[in-house]
Structure formats: C-alpha cells, structure tokens
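Here's the structure, in structure tokens; my notes come after.
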Amino acid sequence: MGVSRRDFLAGSAAAAAVPPFRSAPGPATEETSPVLGPGAAPLILRVDGKEIEVRAEPRTTLLEALRWQAGRSGVKQVCDRGACGACTVLLDGRPVVSCMTLAVDAAGHEVTTVHGLGTPEAPGRVQQAFIEHDAVQCGYCIPGFVTSIEAAIRRNPAADLEELKRAVAGNLCRCGTYNKVFEAALRASGHAVPAGFPELNAPACVENEAPRVDAPEKICGTAVYGADHTAPGLLFAAHVLCPWSSATLKSADLETVRRLPGVVEAEVEVGGRFEYCGAPAGHVCAESPAALRDALTALDLQWEPELVVNDPLGQHEEQFGPFPPPRESLTETEEGRRAEAALEDAAVVVEAAYATQIQNHNPLEPHGALVDPTVEPAEAWVSTQGTFTCTGLGRRLGKETVVRCEFVGGGFGSKFGPGREGALAAEIAARTGRPVRVFNDREAEQLDAGNRPGSLQWMRIGADAEGRLLGGQVYTAGIVGIGRRGGVSNPAWYDWGTIHRKHVDVRGHHSPPRAFRAPGRPQGTFACDSMMDELAEALGMDPIEIRLRNDPSEVRRAMYRTGAEAFGWEQRRPTGSQKGRLRRGMGVGVCDWGNAPGRCRVRVVARPDGSVDLYSGTQDIGQGQRTVIADLAARQLRISRERVRVHLGDSQLPNGPASGGSVTARSTAPAVMDACERLLEKFPVPLGRNGGDDAWEAACRDLPEEGLEASGRADERYWGTGGSEGVQFAEVEVDTETGVVRVLRVYALQACGLVVNRLAAENQVIGGVLQGISYALFEDRLADPVYGYQLNADLLHYKILGALDVPEITVHLWPGPEGAGVRSLGEPPTIPTSAAVGNAVANATGARVRSLPITPRRVLEALEEQA
Amino acid sequence: MRRFEYRIAAGLDEALAAASRPGTVLKAGGVDLLDRMKEGIERPALVVGLQQVLPAGVAEEGGGLVLGAGTTLAELERSPLLRERAPALARAAGEAATPQIREMATLGGNLLQMPRCLYLRSRHYPCEATDPGGGCPAREGEHETHALFENEGCSAVHPSNVAPALLALEAEAEVAGPGGGRHVGLAAWLGAGAEEGGRRPGEILLGLRLPGRALGDRCAHAEVRARQSFDWPLAMAAANFNLEQPRLVLGAVAPRPWPVAAPELLREIRERGPEAELLERLVTRAAAGATPLPGNAWRLRLLRAAARRAVLQALHVAEETW
C-alpha cells in the first residue's frame, strides 16, 4: 500500500521528534471550502457508466438518490444501517453499503450498481452463474449478493470458497439461499460445481436442470417489487409508534409539524394510552421521504411509560401461577389422572421444561403498500403473500382497485392482507386523491410486523424398558403479547401414549404474533424431539432406535435408516463421552405437513405463434411459483418451457390461494394440469400422442388471433394427498470454553410428492434449514426488561444467520409414489432443524440447553450445571 | 437524519477550527456518524468531512510502521506490510463489521466511534454518557454485553476492534489540536484524563506509529463472538511477544482497551512457553479485579478464553494442545 491523499507519511518520517503539523489555525472565518446544504442542490453522479443528475441534500444517502432519482431500484433498501448489504454498490470497484454513504461523497467516483453488471437479456458473468445455480428465492437481497461477489471476483478472479463466503459476510438473505450463492460464486470464479444434488434428486423431477423462470429479472435487479414502485405525485406516510410496553402519550407538537414544508397530514392520539411496544398512535404523511422523517422527528412525542411485567415467566406467574405448574394441578382432572396412571409401569420418567423465544419475521422487503387512485382502475402495489387477501383495499379507497404483487420480498406468514400499512395508504389516497406509499422502516418492521410467539413447555413423559412411550403430561404456554393465540404443537409426530395436555396463552405487552412458517411446529418440535433424546439417554438407547419404535410414519422410518447411513450416524459418539475443548455431536429432528388441497383457478391461452400464457392471480413470495406453473404446463402440453409465459400477482387474474400452509404449489399444480388437459381437448386438430414442439407449433398455427383458451381448477384427480414427512440430521461443534456452537453439516430428507423443479425445491429445503439454524442459535427479540422497548429493533443487533454461519447442507428429496401429485414443501423443512441442532449440542457436551436460542451463555451455564 | 450543512475541509486548519466549534462534527468514513444521525442521537448543524485531510495508507518509517488515520479497515486487513509485521492488527481489522463497512470505515473512526450500548444508541432512552444526569438504564436493564471492569459509571464497553491490538503494539498517536500537534501513547490518549495525556477537546487523530520493537509475527488478536458473520465480540484480546516486555490487552470488557498488568508472567511465558499452569495464572490475572454486573459475569469465561487464545496464537502454539 502506498501513500495517499497527503504527504503525511513521508513528512512525519522526517520529523520524528517534532510534530509535523502546522501551527494552530486561525479563527473560523478563515475557512474557505464551500458549504453544501442544508437544502437540496443539483449533483452529478456517475452511475453504471453514465452521468446522472440528481437533487441531493447533504443528508441524502447514495441509496436514496439511486433508488428514487436514478432509477436503480435493484439497489434495495432493507436495514438502512449497513447491516444487511442489500444496497451494496461498487464505488470505484470497492463494495460499499450505499445506505451509509452520502450521495455528495459519491460525486466524482464511479458508482456501479447491479444494473450496471448486466440485464436479464444479457446477464453479467456473476449474474449468469446466479441464474444457473438458482441462487435466488424471493430475490430481494440478491442484487446485493451479486454485487459483493462481483467485487470479490474482480479482486481475485480465482477466489476460493472461503474468500467468497467472507465476501458476502455482510449480506443477509432471509430466505436462506446461501448455499446456492456459494455454488454460483464458485462457478463465477471458474470452479466446476454441480447445481444442487442431481445424483440424489434428479430421477423424480419434472424439470431437473433449468433454473426458475424469473431468476434473470430478480438477479439483475429489474424485478419491480411493491417497495420499488413509484408514481407521479407520490405521497409518503408512516405510522407513529409507541415504543413502550405501556404508556400514555402526554404531548406532541402537532402545530409545528403541520407547519413544516411538505407535511400533508399529521395525527396522533394525545392522551391516549397504548398497551404494547409498536402500537400505532397516529400517522404522518408528507411529500417526500425526507419530509416524512422530519415530521416524525419534529413531533417531539412525550410519553409517560408505566412499569409492567415484561418477562414471559413473570407474565405466566401473574396470570396462571408458577411455571411449571404444580403437578397436583394437572392431575386433578380425570384425564390428568389417566395420564399419570399410564406412567405406573414406566421404566423411565423424564420431566423437563423447555422454552422458545420470540422470533420476528423480518422479511427483507418490509410490509407496505403503494395505493394509486389516479389510474383506472386504481392500483394497490402491495407486498403481500395473498393477492386476494388485499382486495378489500378497494372498499377503503372507494373505487375499483387492482392488487398487484408480481414480486414479493419474502413474507414467511406475516404478509396476509394489506396490513395497517395498506389500510393507511388507501385511506390517505381516498382523502387526497393522490398516490400514497406506506412501507415500514426496519424499526417498525421489527416492532409490529409479525413474530413467532414464544413458548414455555413442560413435559413429563414415561417410557417402558423397550423405549415405547406410555404417556404423561404436557403443559404449554404461548407467549402472545397482545395477541390471542400462540399455539404450540406439542405433543407431535410420535405415538406418545396417554397424554394429558393443557395449553394457556400468556398475554403481555408486545406485538401480536402472526403465522410464521409452520406456526407452532418448530416450538413444539424443539421440545418433543429434545424429550425423545432425553428419554433415549435415560434408557441408554440410540435416538434413532427410540424413534423407530414410536414413529407411526412409515416414510420417516425409512428416512431414519437411509439418512443415518448417508449422514454417518454410526460415528456418533456416546453423549457426554468427549473431553476436549471442541466437541462434536449429532442430533436428529423430524417433521410432517398436511396436504389438504386449496382452491385455485388457472387460465391458459395458446397463441398462434406457438407460445402459451398461463394466468393465475396467486403470488410468488420466493417459492418459485411461476416456475412451478411453467414447468408443469410445459410437461402437460409436452412442449418446451421457453414457450410458456406465466402471469401472477394480479387480482384481475383467476383466483388463486394465498401463500400460507404450504398451499400455493399444491393448489395451483392441479389447476394447471386440469387447464392444460382441457386446452388439449379443445384443439380443433388433435395433437399427436407424443406431442413435442413441432407438433405443437403446427397445431397452433391455425388458431384464431386471440388464441385458444381453457380454464382449470384444482381438480382432485391431480391432488397431491399424503404427507410431507421429513427427517433432518445435524452435526455441530461446540467450543466448551466459550459456549459457541457451529453447525457443521445438515442432511435433510424431505418428502414433497412430485418434484416440479429440482433446483427450486432443493432451495426451499435449504432455506427452511437455515431459518431453523438461525432460530436455534441467534434470533431473539431483545426487550428492555423495564420498559419493554425492543432494543434490537434493527438488523445490527437482531441477529439473523449470515454466510459464515452456514453449514454444508445436503438435500435429499424423498420421492412420492408413482403418480403422486405436488405436495407441501414451504413449511416442513424448517420444523426439525432447531431440535436437531439442540440434540446435537447435547450429544456433543452431555449438557442440554432447553431454551432457544442456544447462546454461548446458555451453553456455558448448561455445562456448569452438569459439572 | 436531520438536515445539516456539509463541508469537505480543504486543509487541517479548517478541520481543526471546525473541531472546536459547537454543533459541528467531523466525519471520516462516516459509518458511525451516519448510524448515530439516523438513530437521532446526533444532530449536528454542520458536518465537516476529513477525506482531504486525513492521511491514509501504511508505510515503513525507520524500523517501524506508520498508519494514516484515514486508512480503511479493509486496507489494514489487506496490507502486506501489516500482515507480515503486525498480523494481530490486520486480523483485528479484518474481523470487524462487514466487508462493505470495512471498505468505508477508517482506522480513526473505528477508534473514536461511540460505544455500542443499545440504550446509548437509542433515541428512546436517557443516557448518562451522552446526557449526564439522565441515568443509566442498562444497569437495571439489558447489560449482557457491558463492561466487566470500571463499570461504575457508564458501563458500555469500548467499541473498537483494533484498539487492543494497537495497544499491544505500543501504538503512539499523532494528533493535531488547537494548540499544535503532539505525539502521545494511544493507551493514554484513549483511556486517560486530559491531564495525563488523554484526548483534549478539538483534537484530531492523524495517524499512528507502531515502533519497530513491537513488530514481528509473534503477536495475535483473538475474539469470541456468537455469530461468525458480522457480530460484535463478547470478548477479545491481543498479545504481543515481539516486545522485550510482552503485552496482553483485552477488549470489549471495559470502557477502554484493558491492558493486563502481568509483566513477569508474560516474560515467563515467553521464556518457558505457554505451559498450562502459567496460562492459567495469566488468565486468572487477566480476570482479576472484575466487577461484573448481574447479567454479564458469565463473560469472564470468554475473557479468559480470548486471553488464552491470543497468547497461544502469538506464540504459534496450536490451541488444541492444552
């Protein structure tokens, strides 16, 4: 490294004893350099090789200038604090976060965004590798990953895996597509790597090689998400939130705020009492994002917080008495007595209390909507996982409204309906007649945009000497804040015998839970699979063996055997037998999912040019919905998928399901098959038995200009009934000196019936596993115990797993029977992971952590207790 | 962020004048400053950019090294000179924050950033450190990552990843101030009162000198953190056995970098090697005098681990052998 910017180094070398500084400066009046701002001024930025003029205040970030003035909406705003890397751009070739860069400081430098690296039609080298390896799910984070990898490869064209992983250690992917990113990065740096697991999974797939159909737009940054959309004359609004568990709003300076330039509306409920951290207390609307922020600041809210109980155990005590409840209280009913009696012949009885934390959804695209009443029909661009759950916005707006959500940056269960964000946008749009955008900032997203409820679980379970479960007591509590229900799926998966079960919901002062990828299951499974291992340990039995004796699922019993062999389970050492500082352990966890079909309609149109359009109003939140439809249609019509275009995320299209309960693919698939069969029946000239592109093209040539149309519904002939069983094996390394846990590898077996697109299906499982590890080790809503504010309401301190925490993952898709339909895949693979990790930690150390997340502190405390 | 005026200082005089003016803050890489302005706890009327003032780069000087305060963490991480002669510092810089932040954040900014206490950083809470008389909510609240030593007042730990390594390397700060320039030991500049050489109002850090006696490959930085991708350390340590008098400095455990006073023990370890019993005495000494809060006593274990690792790595002894 040479010297730069000033001759400091040479100068100071010559003056070792005497400081090489000039004398004290004169008064401030001698200052000479020009002052910028505080108002906006024209600024020339050099972006992707072109000069672009923007107007920027000194405080305008490069991210804001790029997104809102330079048309670079592929540069995403997620955390706005430099923690997530979604806004990564290259500044003179160096990767920087544009949210923490002032636009004025970027002047005179070369800014390269994801848009400058290629286009969907002509992707750059890194983009092409991402496309081929399906290194994308919802896609919101991916432009940032692409840019980081681009920088790394420019620096070292032959970068190895370790270097590439480090290069994206500042990029967060909530869907968890890291392993695919690593594959793509290796490919881009010249290494030959297979895409996913063709050897394990290829035979049963409809499409075995091709990546998802919308990968190019997502990866090149041209996909327009709700938060990317804009409109002429746009207004910006936000809710005002109460930060405290319980507080009265004593005052707000509404007069000042309403006089500020650019403020359109400002309302807060002075005198109101608010009962949770994140409760809406009013709203502000302004002409620009900056004016909105100024208004929120100038409100100068004065709160009078009150002391309430903020910890789950304390809340339980207050509402239901001590946790766990005294055993007498559980055995006073007939059911309780029967369960207790079942334990009389038990060889072992294990009693244990488990706890799981509150986990915030944190989709990277925040919740929100842009409602535009100035177009006909009116439009609502919503970040939602249910197009048709948002159609009520039209009533609020008072006119016919189309819901649009062509691309959605993750939801994980938290984005049903337009939310209060969409409602506010529609109300202001109705009042003002102008388009209004309400998208949460990350703090609002953390405080009240969805969480997985916490849980307290107490189990007392007996088994006979052969390891057969006899029954016992299960007491669970959901930690629901101001919500109503925090169900916990416990007992689950096994034949538990005679169980007496009781559940209570513990109310408190945080935001209400929402459905979160497999609601109730990861919590319950963490306890149930931990208990299974505790029983096995007490019996001196192998954890696989005790599961084989109690698992009613034939599929999972086969998975245990196959998985154990592939994973190398026989190398698992006896629990607690290791003495060194670093100890390795193996653990297992299981899952399943229902497959009741949902309702769905799909329209298909064959065009005279031989292309095919499929229309469904349902949405893609990262699962690969367009791809499922395209690949299935291509198979049913016996044509290549390049002929197929898929149209989604539009409420004018045929009604399709919201993405909840893993229902989207399994409901649209039968409708696609039905529609395609009906289309084939309608052809005036029957197609040849084997079809093919040539026959298809010939048959289409004579179609009328508007094409040939057919509609299908989720016909039961094509339902994918049955289960979505899964078993996951995890290996961890525990540093017993520090309590730090690293997951080394995971082997995930997952049944999902017919695999439509192999890469997308594998990607779903990887994402489920990584979200599970993140839940197991890192994530926690950290509330101030006194006043209840969520102290880590950002992505700096709310810890989501990152690239350097990602293990090697093998995905083993379990084939369904011949003729099986498409089954659930979204939720099941995230269920077993935290239990598998917890069991592996216990196996490594002999010390069991019964609370999530498994932090260094908890590991050390468990080790101490054991000693 | 509130509105502010912005000026890029053309020279040191201008920067120094600005440094003493109320309502004005200086900006190097800007990472910590933007963070505070976005949170709303920093509201300057004027921001003065130092990009044309701060020296940048790593160079040899006499037998030692000089580092410009404007050098980015990424430059430190990649510097062949540092990797060879002060690997502890290259490592410490390379483990801080994220790759993108390391491209932006400067050496000076990393040393002078505000502590990472979640209360101090929140506009919703009063804070004794930024608003004397406000009281400290961390004491009754969440303080798992707070100081184990010197935590009677503000208990936030010193946030710099590179400070322990720099102290172990006996870095000397080169600062400019309203009354002229001076050289002062970094330990004193960061940790002592103004009368003992500590930071005075209006001073600007220009660079650091690492003396030749401290350089060599027998120094190491070790940190313990929960998440391997982007996290703040729960404890860290830097050890330097290149020096005639070896040094061990802890980080993330006190409001300043925390030198361990164990000169004889460290010399004995250098002479006899890191025998288990010696190491045990050393890490016990390192933890001595700690006054942990109720929620963070468990981190004493991590402090001991970090100290042990730094020593072993500095002496090129595989950790697995103890």
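In what follows, every heavy atom counts, from backbone to side chain, and hydrogens, waters and symmetry copies are set aside. Below, read A as the first sequence line, B as the second, and so on, with proteins coming before strands; counting in each chain starts at 1.
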Between [Y] and [X], is the closest basic N to carboxylate O distance under 4.0 Å?
X       : Y       : value
B:Glu39 : A:Arg81 : yes
B:Glu77 : B:Arg91 : no
B:Glu14 : B:Arg7  : yes

Report task. List the steps, then state whether side chain to side chain donor-acceptor pair (under 3.5 Å) holds for B:Glu103 with B:Thr72. Result -> CA-CA 6 Å; B:Glu103 293 286 355; B:Thr72 65; 4.9 Å; no
Requested in this report: Tell me, please, which residues at least two apart from B:Glu5 pass side-chain contact (heavy atoms from CB on, under 4.5 Å).
Outcome: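 With sequence neighbours excluded, B:Glu5 shows a side-chain contact (heavy atoms from CB on, under 4.5 Å) to A:Val35, A:Pro38, B:Leu46, given in chain and number order.
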Counting only heavy atoms closer than 4.5 Å, note whether [X] contacts chain B via side chain, backbone, both or neither.
X        : value
A:Thr738 : both
A:Arg293 : side chain
A:Ala83  : both
A:Arg858 : neither
A:Val96  : both
A:Asp294 : side chain
A:Pro243 : side chain
A:Phe778 : side chain
A:Trp244 : side chain
A:Asp80  : both
A:Thr101 : both

Tell me, out of [options], who's got the most heavy-atom pairs with chain A below 4.5 Å.
options                             : value
B:Ser20, B:Ala10, B:Ala226, B:Gly49 : B:Ala226
B:Gln228, B:Arg227, B:Glu142        : B:Arg227
B:Val48, B:Asp35, B:Ile101          : B:Asp35
B:Arg116, B:Met37, B:Arg2           : B:Arg2
B:Ala97, B:Gly295, B:Ala15          : B:Gly295
B:Arg225, B:Lys38, B:Arg121         : B:Lys38

Query raised in the report: In terms of the angle between their ring planes, are A:His797 and B:Trp232 parallel, tilted or perpendicular, with boundaries placed at 30° and 60°?
Result: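 Taking B:Trp232 first and then A:His797, their aromatic rings lie parallel (interplane angle under 30°).
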Query raised in the report: Does the side chain of B:His143 pick up a donor-acceptor pair with the side chain of B:Asn296 at under 3.5 Å?
Result: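 Their side chains do not contain a donor-acceptor pair, so the 3.5 Å distance test is not met.
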Please classify the contact between [X] and chain A as side chain, backbone, both or neither, with a heavy-atom cut-off of under 4.5 Å.
X        : value
B:Arg102 : side chain
B:Arg78  : side chain
B:Leu82  : neither
B:Ala9   : backbone

Please determine, among [options], the option with the most heavy-atom pairs under 4.5 Å with chain B.
options                                : value
A:Glu57, A:Arg857, A:Glu443            : A:Arg857
A:Val104, A:Val786, A:Asn792, A:Leu782 : A:Leu782
A:Gly82, A:Pro95, A:Gly37              : A:Pro95
A:Asn171, A:Val168, A:Leu801           : A:Asn171
A:Ala152, A:Pro853, A:Ala167, A:Gly170 : A:Gly170
A:Cys99, A:Ala783, A:Gly85, A:Ala290   : A:Cys99

Query - Under the salt bridge (Lys or Arg N to Asp or Glu O under 4.0 Å) test, residues paired with A:Glu864 that sit two or more places apart - result: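 Salt bridge (Lys or Arg N to Asp or Glu O under 4.0 Å) check on A:Glu864 returns B:Arg301.
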Query raised in the report: Should A:Asp780 and A:Tyr798 be marked as a side chain to side chain donor-acceptor pair (under 3.5 Å) after you check the CA-CA gap, both sets of side-chain angles, and the distance that decides it?
Result: CA-CA 7 Å; A:Asp780 203 355; A:Tyr798 185 95; over 6 Å; no
Report task. Could you check B:Tyr125 against A:Asp784 for side chain to side chain donor-acceptor pair (under 3.5 Å), going step by step and ending with a plain yes or no? Result -> CA-CA 11 Å; B:Tyr125 283 90; A:Asp784 171 31; 2.6 Å; yes
**Report entry** Inter-residue atom distance A:Cys242.SG - A:Trp303.CH2, 0.5 Å rounding
**Finding:**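 Answer rounded to 0.5 Å: 4.0 Å.
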